[in-house]
Number of protein chains: 2
Amino acid sequence: MSQGSGKTPSKRPLTLRDVSEASGVSEMTVSRVLRNRGDVSESTRGKVLEAARALGYVPNKIAGALASSRVNLVAVIIPSMSNMVFPEVMTGISQILDDTELQPVVGVTNYKPEREETVLYQMLSWRPSGVIIAGLEHTEAAKAMMGAAGIPIVEIMDTDGEPIDSAVGISHRRAGRKMAQAIIDAGYKRIGFLGTKMPLDHRARKRFEGFTEILAKAGLEIADSEFYSGGSALAKGREMTEAMLQRNQEEPLDFLYYSNDMIGAGGLLYCLDNGIDVPGEIGLAGFNGIEFLDGLPRKLATMDACRVEVGRAAAEIIAKRVENPDAPGGEIITLEPSLEFGDTLKRKKKPL
Amino acid sequence: MSQGSGKTPSKRPLTLRDVSEASGVSEMTVSRVLRNRGDVSESTRGKVLEAARALGYVPNKIAGALASSRVNLVAVIIPSMSNMVFPEVMTGISQILDDTELQPVVGVTNYKPEREETVLYQMLSWRPSGVIIAGLEHTEAAKAMMGAAGIPIVEIMDTDGEPIDSAVGISHRRAGRKMAQAIIDAGYKRIGFLGTKMPLDHRARKRFEGFTEILAKAGLEIADSEFYSGGSALAKGREMTEAMLQRNQEEPLDFLYYSNDMIGAGGLLYCLDNGIDVPGEIGLAGFNGIEFLDGLPRKLATMDACRVEVGRAAAEIIAKRVENPDAPGGEIITLEPSLEFGDTLKRKKKPL
DNA sequence: CATGTGTATGTTAACGCTAACAGATTTGCC
DNA sequence: GGCAAATCTGTTAGCGTTAACATACACATG
């Protein structure tokens, strides 16, 4: 059984040397052909490509990266893949990186700081060209690693704090304030809050802080609140809404602010099912502007977190700095979250 | 400005040698400590760990992988991240791999065969320990690469066809047949189909084929169908449903079969909004069993694709074969999709 | 005390590729 | 024709780590 162009999945993996022998040129020339680098005559290029194809050679990037100390990976570290927000960020990142040599590699932390630390460590051990990481809150060790890595770091989704290097996102405090103002302007008074358990989600916490801050300025307080843990789920939103409305019957709430669109949508469906007049009897709002809200019977008020744009901007920062390594860095891009009133939040009452 | 434990992000990246010098032992010993391999005395272990920590050393896996020819990565190649099905598969994969040295790396193909081919090529060039790839349909070149890679390959989500190596999934043809049978048993007659444009999605196509096959046996045909491209969206489901019901007014449909739950949910919401009696006047069913159906006003009939389980089983195959490289391979695991009637599909009529 | 058995460390040579330089050959141009 | 520049190809020496082997020393054993 000859080794030549046979289909025998030979034991020893193929190397440049095999291609070089098959095509009668040096390994270096093969390397040049396969990377389109340097001048190679058309004839040898042809020979080499044919040999590589015939053998089924796939270059070994491990060796290549070690030799050239260029690793075209961008580490993307996010809390979760299953809540519709990060896939969109990924879309933005890919849109930009697809036009470069860079390739995203994602790691998921499940909102756990220690997990984030180990994921980061794992990622850095592959010596990526850059890091895109969600949030500004990290363990000390994680911050130290990123500070010392000597590569561009972009913290995304949040700009309320001090980034290690660059940051792209919205101010969640501002988002919370903005929503509170709109709710107050619309004349709502007894406001309930439904959200995730906060220590796990700094951005939700910041929104909450901004939200209560503005309420306080208007002499208002959160009338009731309910927190859950776990992913954002429609059913959870229903349950929580039911529970909250139930226990506030003698002094009914007139607005519910949800920390994400998914539970907000659950709440909306609950209200509609139970003949509650939205937004007359009760107003509702979520957060994120996720696409599927468009299909709901009524469009939930929400605030867009500019997810695709965040991904794009972050990737652009990395790409720019990879291309020009001694560019400054420390860029901070704050996007403005746009309030969408939808059909569940009345417009401003007092135009005065 | 001393280099020692200073915070200066030194130009030259840290290597084992730096740690070795800082702790006064050989590089080899440092390597042993950092990998917990071989015997090292407690005292030197302590010194080394301290030095490594103080310097902020992160091992270089590129070099390590090259030297040991062990790369603990598992390539996971999937069509999309944004439709709720693959994140769940990822969950299953992580559940298993988290207990091993292996780490998943995902690549997204957007349902494009050529893109799959390049993503696969990129992945293989990192010499992963295994590949988990969605579907059984690939370009010839992709199949060749996988066949020659000399690593375990697990094709997931589908078992209607010949896998390259191992496969884990459900039979989509069978899923389609099963759903058709349930619909026929319930007494529905004029059935509409709403789905994705098929060439892009082989599994949806196979379900459709199984579906029509059983209809044919019962002397039935699809009465109308509508296809769209793009992600699965609630709003799309609404639109399509409206259009389809509209144009079949003189001879109304009594069942709509959707190729995924998201458009199915859109259709359900449309029907409810328009006071259509579900499942009396019209029955509905989707596919996938995604979690958020639980929060809808009425539960959509669906068929579970066992996504988490598929991920787990696939990861287990890889893990097993990495641990024991000369295990046989070629395993095929066919899971049974379970039909969930929900509230939108009547139970069997004729108990005879 | 010679011998064996650990335990703890160090040395050497890859792993597969590419940067940097060095030849060899051709081409252009006065 | 001669010399520089351009084009093509090859050689050498790593990249940072680990496998495999070699060494050194301690301790037990009969």
Side-chain angles (χ1 to χ4, degrees), chain A residues 10-49 51-52 55-72 101 122 124-129 149-150, chain B residues 10-49 51-52 55 57-73 101 122 124-129 149-150:
Chain A
S10 58
K11 199 99 285 171
R12 185 180 43 68
L14 293 168
T15 72
L16 268 191
R17 158 158 247 105
D18 296 294
V19 183
S20 126
E21 281 167 3
S23 53
V25 299
S26 72
E27 298 175 40
M28 195 58 226
T29 302
V30 177
S31 171
R32 280 195 267 254
V33 170
L34 264 26
R35 291 178 299 147
N36 291 313
R37 219 165 291 273
D39 304 302
V40 182
S41 74
E42 253 333 298
S43 66
T44 50
R45 147 170 272 101
K47 274 192 301 188
V48 168
L49 286 177
L55 291 172
Y57 172 72
V58 177
N60 185 331
K61 277 202 186 161
I62 306 251
L66 183 60
S68 66
S69 43
R70 266 189 272 98
V71 183
N72 293 323
E101 302 264 75
Q122 301 287 334
L124 288 182
S125 73
W126 288 103
R127 300 286 187 271
S129 298
Chain B
S10 57
K11 199 99 286 172
R12 185 181 44 67
L14 293 168
T15 73
L16 271 190
R17 157 158 249 104
D18 296 293
V19 183
S20 126
E21 279 166 4
S23 54
V25 298
S26 73
E27 299 174 41
M28 196 58 226
T29 301
V30 176
S31 171
R32 279 196 267 254
V33 171
L34 264 26
R35 288 179 300 146
N36 292 314
R37 220 165 290 273
D39 305 301
V40 182
S41 74
E42 254 332 300
S43 66
T44 51
R45 148 169 271 100
K47 273 191 302 186
V48 168
L49 286 177
L55 292 172
Y57 173 72
V58 177
N60 185 332
K61 277 200 185 161
I62 306 251
L66 183 61
S68 65
S69 44
R70 266 190 271 98
V71 183
N72 293 324
L73 298 177
E101 303 263 76
Q122 301 288 334
L124 288 181
S125 72
W126 289 102
R127 300 289 187 269
S129 298

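Proteins come first, then strands; the chains are lettered A, B, ... in the order of their sequence lines, and each starts at number 1. Quick caveat: nothing in here was measured; it's all calculated off a predicted structure.
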If you define the side chain from C-beta out and look only at heavy atoms, does anything of B/L34 sit under 4.5 Å from B/V48? yes

All side-chain hydrogen bond (donor to acceptor under 3.5 Å, both in side chains) counterparts of A/R45, not counting sequence neighbours: A/N36

Near DNA chain C, counting only heavy atoms under 4.0 Å, which residues of residues 39-49 of chain A show up? none

Just how far, in rounded Å, is C1' of D/dA19 from CG of B/L34? 17 Å

Is there a donor-acceptor pair closer than 3.5 Å between any side-chain N or O of B/S20 and the backbone N or O of B/V25? yes

What pairs of nitrogen or oxygen atoms, one from the protein and one from nucleotides 14-17 of chain C, lie under 3.5 Å apart?
residue	atom	partner	partner atom	Å
C/dC15	O2	B/L66	O	3.3
C/dC15	O2	B/A67	N	3.0
C/dG16	N2	A/A63	O	3.2
C/dC17	OP1	A/Y57	OH	2.1
C/dC17	OP1	A/N60	N	3.4
C/dC17	OP2	A/L16	N	2.5

If a pair satisfies salt bridge (charged side-chain N to carboxylate O under 4.0 Å, His left out) and one of its residues is in residues 62-71 of chain B, list it, with sequence neighbours excluded. none

Those residues that, when tested against B/A22, pass side-chain contact (heavy atoms from CB on, under 4.5 Å) (two or more places apart): B/A51, B/L55

How close do A/P59 and B/R127 get, heavy atom to heavy atom, and via which atoms? O-NH1, 3.3 Å

Could you tell me if the side chain of B/V71 sits less than 4.5 Å from the side chain of B/P128, heavy atoms only? no

Those residues that, when tested against A/R35, pass salt bridge (charged side-chain N to carboxylate O under 4.0 Å, His left out) (two or more places apart): none

For A/K61, the side-chain hydrogen bond (donor to acceptor under 3.5 Å, both in side chains) test, sequence neighbours excluded, returns B/Q122

Taking salt bridge (charged side-chain N to carboxylate O under 4.0 Å, His left out) as the test, write out the residues that go with B/R17, two or more places apart. B/E21, B/E27

With sequence neighbours excluded, tell me which residues meet side-chain hydrogen bond (donor to acceptor under 3.5 Å, both in side chains) with A/T44. A/S41

Axis-to-axis angle across the helix from C/dC1-D/dG30 to C/dC30-D/dG1, five pairs an end, to 10 degrees? 40°

If you take all heavy atoms of B/S31 and B/L16, which pair is closest and at what distance? CB-CD1, 3.8 Å

Roughly how many Å is it from CD in A/E21 to C1' in D/dG10, rounded to a whole number? 15 Å

Heavy-atom contacts, protein to nucleotides 20-28 of chain C, under 4.0 Å, summarised as B (base), S (sugar-phosphate only) or - (none) per nt, yield B--------

Test of understanding: with side-chain contact (heavy atoms from CB on, under 4.5 Å), list the residues that count as partners of A/L66, not counting sequence neighbours. B/I62, B/A63, B/L66

